[in-house]
Amino acid sequence: MILIFIGPPGSGKGTQAQVLSKKLNLPHVSTGDILRNAVDSDDEDNKLVQKLMSEGKLVDDNLVNKIVKKFLSKDEYKNGCILDGYPRNLEQGKFLETVTKNIVVIYFNVSEDVTIKRILGRFSCAQCGKIYNSYYSKPKEDNKCDICGSDKFIYRTDDNKESIMQRLKVYKAETFPLIDYYSKQKYLYTINTDRDIKETEKEMLDICTKASYTKLQN
Ligand code: AMP
C-alpha cells in the first residue's frame with residue numbers, strides 16, 4: 001500500500017513520515033528531498049530546477065513523474081512506501097494511477113498561521129535528517145541532534161517568507177484540487193495537524209490501521 005501525504009508546506013508531512021516510516025517499516029520517499037539532493041551539480045537543467053525550487057514553484061511534471069516511477073519499481077518499495085510531496089497536481093495524480101492503484105491518501109489539514117510559523121522555524125540535522133523547529137521542537141540540548149549527536153544543522157533556502165507565500169499559492173491552485181479528486185474516489189482520510197506532534201502521530205497510526213483493514217476488505 002502506498003501512503004500519500006498531501007497538505008500545505010509546513011503541515012507536518014515530513015515529520016510524520018519520518019516517524020511512521022520507522023513504526024510501519026515503510027520507506028519514506030520525499031520528492032522535495034530527492035530533488036534537493038539531485039540539484040547540487042552545475043548542469044543547466046539542474047540550475048533550472050534549483051531556480052524553480054528556490055522560488056517556490058513546481059518543477060516539471062515529467063521529471064518528477066519519472067523519478068517517482070523509478071523509485072516505485074525498485075524491489076525495496078514493493079511492499080509500499082510513504083510518498084511525501086507527490087502527487088502535487090491532478091496531472092501527477094493521474095500519472096500515478098498508471099503506475100499503481102494501491103493507494104491511501106492522507107490529507108494534512110492545518111491553518112495558514114501555523115504553517116507559516118512552522119516553516120520559518122524549521123531546520124534539520126545535516127547528518128541524519130531529523131526535523132526540528134525553533135518555535136515548537138528544539139533539540140533537547142542546544143546545538144546537538146537528539147538522534148545522532150551531530151552539531152551540524154541545515155536551513156532550507158526556500159524557507160523564507162517570499163517563497164513560503166508562493167508555495168502556499170501554488171498549493172491552493174494546484175495541489176488542493178487533488179483533495180476533492182481523491183475524496184470522490186473514497187481514498188481520502190483527513191487529519192487535523194494544528195495540534196501537538198504526538199497527538200497527530202497517534203491519530204496517524206489509527207488511520208493507517210483503519211486504512212489497511214479497509215483495503216483488505218475490498
Ligand atoms: P517540499 O520539500 O515537498 O516542500 O518540496 C520542495 C520543492 O521541491 C517544491 O517547492 C517544488 O519546487 C519541488 N517539488 C517537490 N515535489 C514536487 C512535485 N511532486 N512536483 C513538482 N515539484 C515538486
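In each ligand, atom 1 is the first atom listed, and ligand 1 is the first ligand listed. Because the structure is predicted, anything quoted here is derived from the model rather than measured.
Contacts between Glu174 and ligand 1 below 4.0 angstrom, taking non-hydrogen atoms only, are absent altogether. When heavy-atom distances to ligand 1 are checked against a 4.0 Å cut-off, Leu58 comes that close through both its backbone and its side chain.
Between Arg156 and ligand 1, at least one pair of N/O atoms sits closer than 3.5 Å. For ligand 1, the polar-atom distance check finds an N/O of Gly85 within less than 3.5 Å of one of the ligand's N/O atoms. Taking any N or O of Val59, backbone or side chain, at least one lies under 3.5 Å from an N or O belonging to ligand 1.
Protein heavy atom nearest atom 14 (N) of ligand 1, with residue, atom name and distance: Leu35 CD1, 3.5 Å. Remark: minimum distance from atom 11 (C) of ligand 1 to any protein heavy atom is reached at Lys57 O, 3.5 Å.
Contact analysis puts Arg36 in contact with ligand 1, with a non-hydrogen atom separation below 4.0 angstrom. The shell of residues lying under 4.0 angstrom from ligand 1, judged by heavy atoms, excludes Lys13.
A donor-acceptor pair is defined here as one N or O able to donate and one able to accept, closer than 3.5 Å; no such pair exists between the side chain of Tyr136 and the backbone of Gly121. Put simply, the side chain of Ser124 never gets that close to the backbone of Lys130: no donor and acceptor are under 3.5 Å apart.
The six-membered or imidazole ring of Phe5 lies near that of Phe108, with a centre-to-centre distance under 6.0 Å.
Using modelled atom types and a 3.5 Å distance limit, the side chains of Asn109 and Tyr107 yield a donor-acceptor pair.
Of all atoms in ligand 1, numbered sequentially from 1 with element shown, those under 4.0 Å from a heavy atom of Gln92 are 18 (C), 19 (N), 20 (N), 21 (C). Residue Thr31 has at least one heavy-atom neighbour below 4.0 Å for each of these atoms of ligand 1: 15 (C), 16 (N), 17 (C), 19 (N).
Applying the ring pair (Phe, Tyr, Trp, His ring centres under 6.0 Å) criterion to Tyr86, with sequence neighbours excluded, gives no partner residue.
Phe176 is not connected to Val170 by any chain of hydrophobic side-chain contacts under 4.5 Å among Ile, Leu, Val, Met, Phe, Trp and Tyr, and they are in different clusters.
Using cut-offs of 30° and 60° on the angle between ring planes, the pair Phe123 and Tyr155 is parallel.
Of the candidates Leu83, Leu188, Ile179, Val105 forms a side-chain contact (heavy atoms from CB on, under 4.5 Å) with just one, namely Leu188.
Nearest-heavy-atom check against atom 5 (O) of ligand 1 across Arg167, Met53, Arg88 picks out Arg88.
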